[in-house]
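These numbers come from the heavy atoms of this one structure, side chains and all, not from hydrogens, waters or symmetry mates.
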Amino acid sequence: MKAKIHYTIDGKRPLACAAALLLFTSAAVRIIWFTLTHGMGADAYTAIVHLAMPVLSGLLMGLFILKEKLKLTFIPLFFGVAFFILKAFSFPSRLHTVLCCILYTLVFILFTLTVSGRIPTRVPLILVFVLPFLYHIFVEDMALLTSAAPPTFLAWMPEISVLLIMAGLAAFAAGLRKKE
């Protein structure tokens, strides 16, 4: 039987620092957006799903990366995936919702299997973060931004927060190194 691969991430290397910075920035953007749009008037569900879960996910993931606590990164990823799954229930298409829930679950499984060393390469993990990031920017976001009624910056902030998460996770995956 082949030995398990062990990964590490050096919290002082550029990709790890970039990942943490992107995730911390995502949390800051989310806090600013939520404060400006909801203030103190949000109900508990909205505050938990649209503020606490993505902010906690970004802050913990960034912290675990900088502290090189690779084995704990599945925890903030779980909060992030739960946020995206709950967000998917607001989609108008049930098929889109189901497909996204399956995708997010598979991302969590792929992430956990890669970080735990059960998948011997980080390439699929990099692709699973980079390709949707590029799709969002060049297909969904460009169409929306060049439409007749593009969103205001305030309305665009949640998407910016999500793009920062995706970029941060891509940098994280690219920063993984096999332990010697």
Side-chain angles (χ1 to χ4, degrees), residues 9 11-67 69 72-92 96-97 100-101 103-104 107-108 111 125-147 149-176:
I9 191 159
K12 295 170 189 65
R13 293 186 63 125
L15 283 172
C17 292
L21 180 63
L22 289 163
L23 292 161
F24 292 153
T25 304
S26 172
V29 168
R30 179 67 58 164
I31 290 168
I32 292 166
W33 166 78
F34 194 87
T35 302
L36 292 174
T37 57
H38 296 286
M40 299 303 286
D43 59 78
Y45 177 84
T46 302
I48 290 168
V49 172
H50 295 285
L51 179 64
M53 291 176 81
V55 167
L56 184 61
S57 176
L59 293 178
L60 282 177
M61 182 66 82
L63 181 65
F64 290 159
I65 291 169
L66 292 177
K67 295 289 186 181
K69 302 291 185 190
L72 296 177
T73 56
F74 78 93
I75 297 168
L77 191 75
F78 175 80
F79 285 116
V81 166
F83 158 71
F84 282 113
I85 287 174
L86 290 171
K87 188 173 168 269
F89 284 103
S90 69
F91 298 162
H96 187 194
T97 299
C100 283
C101 290
L103 173 67
Y104 302 145
V107 167
F108 180 76
F111 181 93
L125 193 59
I126 294 169
L127 292 174
V128 86
F129 294 125
V130 170
L131 294 177
F133 175 77
L134 294 174
Y135 176 82
H136 264 264
I137 290 176
F138 293 110
V139 176
E140 289 185 1
D141 297 342
M142 281 297 181
L144 196 55
L145 289 174
T146 59
S147 69
T152 64
F153 182 73
L154 184 62
W156 193 249
M157 288 178 83
E159 179 67 7
I160 293 169
S161 174
V162 167
L163 291 172
L164 289 165
I165 290 169
M166 294 165 74
L169 292 174
F172 165 80
L176 289 175

Go through F172 and T73 one step at a time and tell me if the side-chain contact (heavy atoms from CB on, under 4.5 Å) criterion holds.
CA-CA 10 Å; F172 165 80; T73 56; 4.2 Å; yes

- Trace of the side-chain contact (heavy atoms from CB on, under 4.5 Å) decision for F84 with V162: CA-CA 9 Å; F84 282 113; V162 167; 3.8 Å; yes

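In this structure, the separation between CG on L72 and CG on L77 is 13.0 Å, given to the nearest 0.5 Å. Rounded to the nearest 0.5 Å, atoms SG (C100) and CZ (F91) are 4.5 Å apart. Atom-to-atom distance recorded for I9:CD1 and K67:NZ is 15.0 Å, nearest 0.5 angstrom. Rounding to the nearest 0.5 Å places CZ of F129 at 5.0 Å from CG of L125. How far OH of Y104 is from CG of L86: 11.0 Å, rounded to the nearest 0.5 Å. In this structure, CZ in R30 is found 12.5 Å from CG in L59, a value given to the nearest 0.5 Å.
S161 contributes a side-chain N or O that, together with a main-chain N or O of S26, makes up a donor-acceptor pair within less than 3.5 Å.
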Which atom pairs, one a donor and one an acceptor, fall under 3.5 Å between side chains of residues 132-147 and the rest of the protein, sequence neighbours left out?
| from | atom 1 | to | atom 2 | distance (Å) |
| --- | --- | --- | --- | --- |
| H136 | ND1 | E159 | OE2 | 2.8 |
| T146 | OG1 | M142 | O | 2.6 |
| S147 | OG | L144 | O | 2.7 |

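Counting heavy atoms from C-beta on, the side chains of L66 and F24 come closer than 4.5 Å. At a threshold of 4.5 Å between non-hydrogen side-chain atoms, the residues V107 and L169 do not count as touching.
Qualifying side chain to side chain contact (heavy atoms under 4.5 Å, CB included) partners for P76, counting only residues two or more places apart in sequence or in other chains: S57, L60, M61, F64.
Remark: F78 CZ is loosely packed, at most 12 non-hydrogen atoms of other residues, nucleotides or ligands lying under 6.0 Å away.
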